[in-house]
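Worksheet for the structure shown next.
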Amino acid sequence: MSEAASSSSAPAASSSKPNDAAVEDIEKLLSREATAFQREIEVERILKAFKLNPYEMLDINTDATPEEVKKKYRQLSLFIHPDKTSHPRAPEAFDLLKKAESELSDKAKREELDAVINQARAILLRTLNLPPNTRDDDPRLKSLTPPWKQQFLTKAKEMLIDEEVRRRKAIKMNLANEGLEARKKEEEVNAKKRKAEEEARWEETREQRVGSWRTFAANSKKKKKTKVTLLG
């Protein structure tokens, strides 16, 4: 009886192995599909992020250290690398990440960016009747509607756009001034060139003018002599 039981249980044990393998294969497939889906979601997030705010592009806090910035960039760039996702705009998202990391790694650019963002933060906190040193984890910010982070990003976006508009106007004005200065210099060069050409022509006709004067003077003397003879 025991032999029969053992013999009957043997096929069941062997048949469970392929089932376990099939389940494992399905789990791996689902995991890969989930990861691929997450990569596409992250690409879309980067593409939709505000391009003038590299913190938003990298999805990192404004107080992140340079090391944390580089670490986050490496993580995201590897995660959404064009070789690892089929999203057609993955290369664009990859380039945007690199630009954001580059801007935050530039000390001067980051200081300018932080100045605008900190100003946006201070203005927003003032409108909420809160002190400027209020931290993001302050309980008074957790009950806000819309949420504090959303309000902060919106205000920062508004001020970064204003700053970008001013920057472009300044560049345009500088280009206009440079164009005006260039035209003035060109006019000065052309005036000097015309003067030099006039002087050259004057020198070229010098002998002709001298000869004409000599001929005129000689003719005048002849006329005088003729008049004197007639009178005598």
Side-chain angles (χ1 to χ4, degrees), residues 31-32 34-171:
S31 178
R32 284 196 297 269
T35 302
F37 182 65
Q38 290 168 356
R39 293 182 199 277
E40 293 195 359
I41 289 178
E42 185 60 20
V43 169
E44 289 294 332
R45 184 199 68 78
I46 294 168
L47 294 173
K48 291 177 181 177
F50 182 49
K51 305 301 184 291
L52 296 178
N53 189 348
Y55 291 110
E56 187 175 341
M57 299 292 297
L58 291 171
D59 193 23
I60 197 169
N61 293 331
T62 55
D63 59 354
T65 64
E67 292 74 21
E68 290 172 336
V69 170
K70 291 185 180 297
K71 181 179 179 181
K72 189 61 178 291
Y73 164 70
R74 284 195 296 269
Q75 290 175 343
L76 291 179
S77 61
L78 287 173
F79 189 66
I80 60 99
H81 195 280
D83 292 341
K84 294 185 177 181
T85 176
S86 60
H87 196 293
R89 297 183 66 189
E92 182 182 348
F94 186 82
D95 291 342
L96 289 172
L97 283 180
K98 180 58 182 175
K99 183 175 182 292
E101 186 271 338
S102 177
E103 289 178 353
L104 292 183
S105 298
D106 187 310
K107 185 178 179 180
K109 288 185 178 180
R110 184 169 182 178
E111 287 177 353
E112 292 177 3
L113 175 68
D114 288 347
V116 178
I117 290 178
N118 290 334
Q119 186 182 5
R121 179 187 179 87
I123 292 174
L124 184 56
L125 288 172
R126 188 163 60 246
T127 60
L128 297 171
N129 296 318
L130 293 174
N133 59 347
T134 302
R135 295 174 56 87
D136 288 343
D137 57 357
D138 192 293
R140 291 170 293 183
L141 298 179
K142 294 182 178 180
S143 59
L144 295 176
T145 304
W148 161 252
K149 185 177 181 179
Q150 181 180 339
Q151 292 190 46
F152 177 45
L153 289 176
T154 300
K155 189 63 179 177
K157 179 178 181 179
E158 174 188 325
M159 297 198 65
L160 286 170
I161 289 175
D162 290 343
E163 185 65 23
E164 180 66 10
V165 169
R166 282 194 292 270
R167 187 185 71 83
R168 294 189 181 190
K169 284 183 177 178
I171 291 175

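You'll find the side chain of Ile46 stays beyond 4.5 Å of the side chain of Asp59, heavy atoms only.
Of all heavy-atom pairs spanning Leu58 and Lys72, the tightest one is O-NZ, 3.2 Å. Across all their heavy atoms, Trp148 and Leu141 have their closest contact at CB-O, 3.7 Å.
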For this session: Could you give me the CA-CA distance, side-chain angles and deciding distance for Leu124 and Phe152, then say whether side-chain contact (heavy atoms from CB on, under 4.5 Å) is met?
Result: CA-CA 7 Å; Leu124 184 56; Phe152 177 45; 4.2 Å; yes
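Considering CD of Glu42 and OG1 of Thr35, their distance stands at 13.0 Å, rounded to 0.5 Å.
Annotation for Lys51: atom NZ counts as buried by contact number, over 12 foreign heavy atoms lying within 6.0 Å.
Between Glu101 and Lys98 there is a salt bridge, since a side-chain N of the basic residue sits under 4.0 Å from a carboxylate O of the acidic one. With salt bridges taken as basic N to acidic carboxylate O contacts below 4.0 Å, one links Arg167 and Glu164. Salt-bridge check for Lys155 with Glu158: passed, with a basic side-chain N closer than 4.0 Å to an acidic carboxylate O. Note on Asp136 versus Arg121: salt bridge recorded, some NZ/NE/NH1/NH2 to OD/OE distance being below 4.0 Å. In this structure, Glu103 pairs ionically with Lys99, as a charged nitrogen and a carboxylate oxygen lie closer than 4.0 Å.
Of the possible donor and acceptor atoms, none in the side chain of Arg89 sits under 3.5 Å from a partner among the backbone N and O of Leu47.
Tested against Met159 for a side chain to side chain contact (heavy atoms under 4.5 Å, CB included), the candidates Ile117, Ile123, Leu52 yield a single pass: Ile123.
Judged purely by distance below 3.5 Å, without hydrogens or angles, the side chains of Asp114 and Tyr55 pair a donor atom with an acceptor atom.
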